[in-house]
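Heavy atoms only: backbone and side chains are in, while hydrogens, waters and symmetry mates are out.
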Amino acid sequence: IGRTRRLYILLEKEFLKKNMDVLDFSPSRALYRKLKNNTNIRYFPTDYGGDFLGDFQYDITQIDCPDNTFDLIICYHILEHIIEDTKAMSELFRVLKPGGKVLIQTPFKEGEIYEDYSVTTEKDRLRCFGQEDHVRIYSVNGLTERLTNVGFRTEVRIYPQDEYLGMPKDEKVIICTKQV
C-alpha cells in the first residue's frame, strides 16, 4: 500500500542511520521483512494485539523499556486506536533518546479532534470514526498540540501524490523530535 511505500522511502532517504535502535508499532509485513533484514539497525517490531508481526508486545501506554532507549520510533496508524492517547504520547517521549525522532501518521479530518468515549460498539465506531476499532479522528492541529504538550517539537509534512507508486495526494506525516 502507498503509505507503506512512502514510509519506507522516508526511512531509507532520511531517517535510518547505522547503529540505531528502532521501535516499530504494528509494522506492515513488507516493512517488517525489510527492517528485520537490515543489519545496520537494531529493530524492535512490536504488536500488542497479535494482529501484526512483532517480536515484542509492548503496551504503548506502558512501554516496558528504560528511558531514552530508542533513536527512532515508527507509530503509523496506532494512536487513533488508543483511548489513553496522551499517556501513549508521553511514553513515546520517555523512551525516545534526546535528539530522536518519532514518525506519526493517522487518519485526519478538518477542524477539531473528534472523540466520544460513549461510542463503544464496532458499528457505532465505524459510523463515527471510520473504522470499527478507532476511538477518535484527529485533526492535524489537534494531534500536534497534544504531541507538543507532552514535550515534542513537531513538524507536519505534506507529501504530493505519486500515482506510479500509489501514494495518495496530500499525505500528512508528523515528525516529532525530542529536544536535546
key: side-chain contact (heavy atoms from CB on, under 4.5 Å) assessment of Phe25 paired with Ile73   = CA-CA 8 Å; Phe25 285 91; Ile73 300 173; 3.9 Å; yes
What do you reckon, is [atom1] of [X] surrounded by more than 12 foreign heavy atoms closer than 6.0 Å?
{"X": "Asn37", "atom1": "CG", "result": "yes"}
{"X": "Lys172", "atom1": "NZ", "result": "yes"}
{"X": "Gln179", "atom1": "CD", "result": "yes"}
{"X": "Glu112", "atom1": "CD", "result": "no"}

Ser139/Asn141 under side chain to side chain donor-acceptor pair (under 3.5 Å): CA gap, chis, key distance, verdict = CA-CA 5 Å; Ser139 65; Asn141 290 341; 6.0 Å; no
query = Would you find a donor on one side and an acceptor on the other, under 3.5 Å apart, between the side chain of Thr46 and the backbone of Tyr58?
reply =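 Yes: the side chain of Thr46 pairs with the backbone of Tyr58.
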inquiry  = Test your reading of the model: is there a side-chain donor-acceptor pair from Thr61 to the backbone of Lys87, 3.5 Å cut-off?
reply    =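 Between the backbone of Lys87 and the side chain of Thr61 there is no qualifying donor-acceptor contact (under 3.5 Å).
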Kindly compute the distance separating [atom1] ([X]) from [atom2] ([Y]), expressed to the nearest 0.5 Å.
{"X": "Ile137", "Y": "Tyr114", "atom1": "CD1", "atom2": "OH", "result": "8.0 Å"}
{"X": "Ile82", "Y": "Arg136", "atom1": "CD1", "atom2": "CZ", "result": "8.5 Å"}
{"X": "Asp67", "Y": "Arg94", "atom1": "CG", "atom2": "CZ", "result": "5.0 Å"}
{"X": "Arg6", "Y": "Gln105", "atom1": "CZ", "atom2": "CD", "result": "8.5 Å"}
{"X": "Ile78", "Y": "Thr106", "atom1": "CD1", "atom2": "OG1", "result": "11.0 Å"}
{"X": "Phe44", "Y": "Phe56", "atom1": "CZ", "atom2": "CZ", "result": "5.5 Å"}

Looking only at heavy atoms, which two atoms of [X] and [Y] are closest? And how far apart?
{"X": "Pro98", "Y": "Asn68", "value": "CD-OD1, 3.5 Å"}
{"X": "Cys176", "Y": "Phe152", "value": "CB-CD2, 3.5 Å"}
{"X": "Lys97", "Y": "Asp21", "value": "NZ-OD2, 3.4 Å"}
{"X": "Val156", "Y": "Thr144", "value": "CG2-CG2, 3.5 Å"}
{"X": "Arg3", "Y": "Glu171", "value": "CB-OE2, 3.2 Å"}

Supply the members, apart from [X], of the Ile/Leu/Val/Met/Phe/Trp/Tyr cluster built from side-chain contacts under 4.5 Å; use none for a lone residue.
{"X": "Leu11", "result": "Leu7, Tyr8, Leu10, Phe15, Leu16, Met20, Val22, Leu31, Tyr32, Leu35, Ile41, Tyr43, Leu53, Leu72, Ile74, Tyr76, Leu103, Tyr159, Val173, Ile175"}
{"X": "Val135", "result": "Ile83, Tyr117"}
{"X": "Leu126", "result": "none"}

request  = Please identify each residue that fulfils salt bridge (Lys or Arg N to Asp or Glu O under 4.0 Å) with Glu80, with sequence neighbours left out.
outcome  =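 Testing Glu80 for salt bridge (Lys or Arg N to Asp or Glu O under 4.0 Å), a comparison that skips the adjacent residues, returns none.
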ask   = For Lys36 and Asp55, what are the C-alpha separation, side-chain angles and deciding distance, and is it a salt bridge (Lys or Arg N to Asp or Glu O under 4.0 Å)?
value = CA-CA 10 Å; Lys36 187 81 172 156; Asp55 298 346; 2.4 Å; yes
ask   = Among all residues two or more places apart in sequence or in another chain, which pass the side-chain hydrogen bond (donor to acceptor under 3.5 Å, both in side chains) test with Asp170?
value =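 Once residues adjacent in sequence are excluded, Asp170 has no partner under the side-chain hydrogen bond (donor to acceptor under 3.5 Å, both in side chains) criterion.
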query = side-chain hydrogen bond (donor to acceptor under 3.5 Å, both in side chains) with Thr39: which residues, sequence neighbours excluded?
reply =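 Per chain and number, Thr39 pairs via side-chain hydrogen bond (donor to acceptor under 3.5 Å, both in side chains) with no residue.
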inquiry  = Using the rule that Ile, Leu, Val, Met, Phe, Trp and Tyr join whenever any side-chain heavy atoms are under 4.5 Å apart, tell me whether Leu96 and Leu147 fall into a single cluster.
reply    =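 Same hydrophobic cluster.
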query = Shared ILVMFWY cluster between Ile174 and Met167, side chains joined below 4.5 angstrom?
reply =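 No, no single cluster joins them.
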Quick one: are [X] and [Y] in side-chain contact, heavy atoms under 4.5 Å?
{"X": "Lys123", "Y": "Glu132", "result": "no"}
{"X": "Pro107", "Y": "His134", "result": "yes"}
{"X": "Phe70", "Y": "Cys65", "result": "yes"}

Would you call [X] and [Y] a salt bridge, using N to O less than 4.0 angstrom?
{"X": "Arg5", "Y": "Asp162", "value": "no"}
{"X": "Arg146", "Y": "Glu115", "value": "yes"}
{"X": "Arg157", "Y": "Glu155", "value": "yes"}

query = Only one of Ile104, Leu143, Ile60 clears side-chain contact (heavy atoms from CB on, under 4.5 Å) with Met89; which?
reply =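 The option that passes is Leu143.
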